[in-house]
Each structure stands twice: as structure tokens, then as C-alpha cells.
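Treat the numbers as computed from the prediction; the structure is a model and nothing was measured. If you read the sequence from its start, that first residue is 1, and numbering goes on from there.
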Amino acid sequence: MHFTGKFKEGRKLFRLLKEDIEVVFEQDPAARSYLEVILTYSGLHAIWSHRLAHGLYKRKFFFLARVISQVSRFFTGIEIHPGAKIGRRFFIDHGMGVVIGETCEIGNNVTVFQGVTLGGTGKEKGKRHPTIHDNALIATGAKVLGSITIGENSKVGAGSVVLKDVPPHSTVVGIPGKVVIQDGIKIARSKDLNHQDLPDPIADRFKELEKQMEELQKELIKVTEREGTKE
């Protein structure tokens, strides 16, 4: 029975590792061969290292788990705390500068890009890092901070800073992050998550201010013309 249990556990681990490879081919058109992916993809190396470190962490081998995570960080540029819970088919694209905190929980089929931080907001105890639900996408350089939730099938735009919960099926952009699409309905001017086309709330605000200044200038010209007529 003991041998059978170990065999089943080994098969489960093998399927998990195989899924980690397959998702690379699905998400990255540059992937050409299994050998290339296994030997050269730092995101995959970081995920595999984390799976090992997390297994040790759950068995209370905290020091050894931490050593593995730091060695992985040195070689991949990706820092994942061994306490973080990561689901199946997690994909890190490029990956340099990705940071994932200790109490972070990540569901299945989640994708993150380089420079993403899933971190805390201070020195609070307990659950202090985000929960990312299934099928979410966190784009380049985004910061998701605190014990908040990113709903399933949601997208966080490049460079966004998210400090509040994001509902399922939403797109969030800006600093601080604001929902611009929810359940397929545009809440603000937006396009799909093509990084170069993402709406910029700050730029939009500047455009509004520019429009207001133009209107004030027109009013000032009218007032000046009336005063000139009176003279």
C-alpha cells in the first residue's frame, strides 16, 4: 500500500510537470521544442524549483525550502516565496523581476509577465498577499498589493498598481488600478489587453483638463471682445 501511494504521488507530480511544459507551448509562440523549453525557460525553472521548495515548506523544512527558493532567484531572477500556493498550468512569461509573496495564492491557468509583483503593503501579519483566481492575467510591471482578490478571468494592465479587489471577468488599468471593463461591458474608454493600446486614466484626465482650458480660453476671448466693443 505504501509503495502504491508513492507511485500514485509520483504519477501526479509527473502530470503536473508535464502540464507546466505544455502551457509554455500554448502561451509562447517562440517555443520550438521540449528540449529548448526544459533547458532555457527561466519561468519554467522557477516554477519547478518552487514546487520542490513548497513541498519542503509544507513539511516544515523551512530553511531548506528557503535555500532552494533563493538559489532559484539567483539563477532565474524570479523570487517566489516557498510558502506561496500556486495552482496548475501557471505560466511566467520572460519572468525577470517577478516577485511573489509568502501568503499569495494563485489558481489554475494564471499568466504573469516580467516585473510583476504580488506583494504586501507593509509589515502586517497573517494573510497579507493577493489571491489570484483561475485564468487571470497580470501584465508587465503590474503591482498587485495587499490581501486582495483578483477575480477569475480578469486582466491587470501593464504598469498598473492594484490595491483593491477586482471582480471576476474584469480588466483593470492605471495607478491606482480602476476597472474599465466588467463582464464584457466597457465602463470607460478601453480596448482589449494589447499593451500598446491600453487606456491610460492619467492621460485621459490630462485631455479633459486640456479641453477645459480651451473652453476657458474661448470664454476669455469672448469677454475681451465684449469689453472692447463697449469701449
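The shortest distance between side-chain heavy atoms of Ile150 and Val162 falls below 4.5 Å. Contact annotation: the side chain of His50 approaches that of Ile86 to within less than 4.5 Å [non-hydrogen atoms, C-beta and beyond]. Asp20 is listed as a side-chain neighbour of Leu44, based on a closest heavy-atom distance under 4.5 Å. A heavy-atom distance below 4.5 Å is not found between the side chains of Ile148 and Thr131. Contact check for Pro176 versus Val161: no side-chain heavy atoms found under the 4.5 Å cut-off.
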Going through the checks in order, is the side-chain contact (heavy atoms from CB on, under 4.5 Å) test met by Val110 and Leu137?
CA-CA 6 Å; Val110 171; Leu137 184 149; over 6 Å; no
Intermediate values then yes/no, salt bridge (Lys or Arg N to Asp or Glu O under 4.0 Å), Arg15 and Glu19:
CA-CA 6 Å; Arg15 285 197 301 268; Glu19 285 181 346; over 6 Å; no
Before you tell me yes or no, could you show the steps for Val179 and Thr171 under side-chain contact (heavy atoms from CB on, under 4.5 Å), namely the whole-Å CA-CA distance, both residues' side-chain angles and the distance that decides it to 0.1 Å?
CA-CA 6 Å; Val179 176; Thr171 297; over 6 Å; no
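The 12-atom threshold is exceeded at CZ of Arg128, counting heavy atoms of other residues, nucleotides or ligands nearer than 6.0 Å. The environment of NZ in Lys164 is sparse: at most 12 heavy-atom neighbours from other residues, nucleotides or ligands sit within 6.0 Å. Phe75 CZ: 12 or fewer foreign heavy atoms inside a 6.0 Å radius. Crowding of Arg73 atom CZ: a count of heavy atoms from other residues, nucleotides or ligands under 6.0 Å not exceeding 12.
Residues Val98 and Gln114 approach most closely at CG2-CA, 4.1 Å, considering heavy atoms. Between Gly157 and Val173, the shortest heavy-atom contact is CA-CG1, 4.1 Å. The heavy-atom pair separating Asn153 from His169 by the smallest distance is ND2-CE1, 3.0 Å. Contact detail for Gly151 and Ala136: the closest heavy-atom pair is O-CB, 4.3 Å. Considering every non-hydrogen atom in both Gly115 and Lys143, the closest pair reads O-NZ, 2.7 Å. Annotation for Ala53 and Ala65: closest pair O-CB, 3.2 Å, computed over non-hydrogen atoms.
Formation of a donor-acceptor pair under 3.5 Å by the Ser160 side chain with backbone atoms of Gly177 is not found in this model. Side chain of Lys218 to backbone of Leu220: no donor-acceptor contact under 3.5 angstrom is found.
For the atom pair CD1 (Ile68) and CD1 (Ile80), the distance works out to 13.0 Å, reported to the nearest 0.5 Å.
Inspection of the Glu102 and Tyr57 side chains reveals an N or O donor paired with an N or O acceptor under 3.5 Å.
If you run side-chain contact (heavy atoms from CB on, under 4.5 Å) between Phe90 and each of Ile132, Thr111, Asn109, Ile100, only Ile100 comes through.
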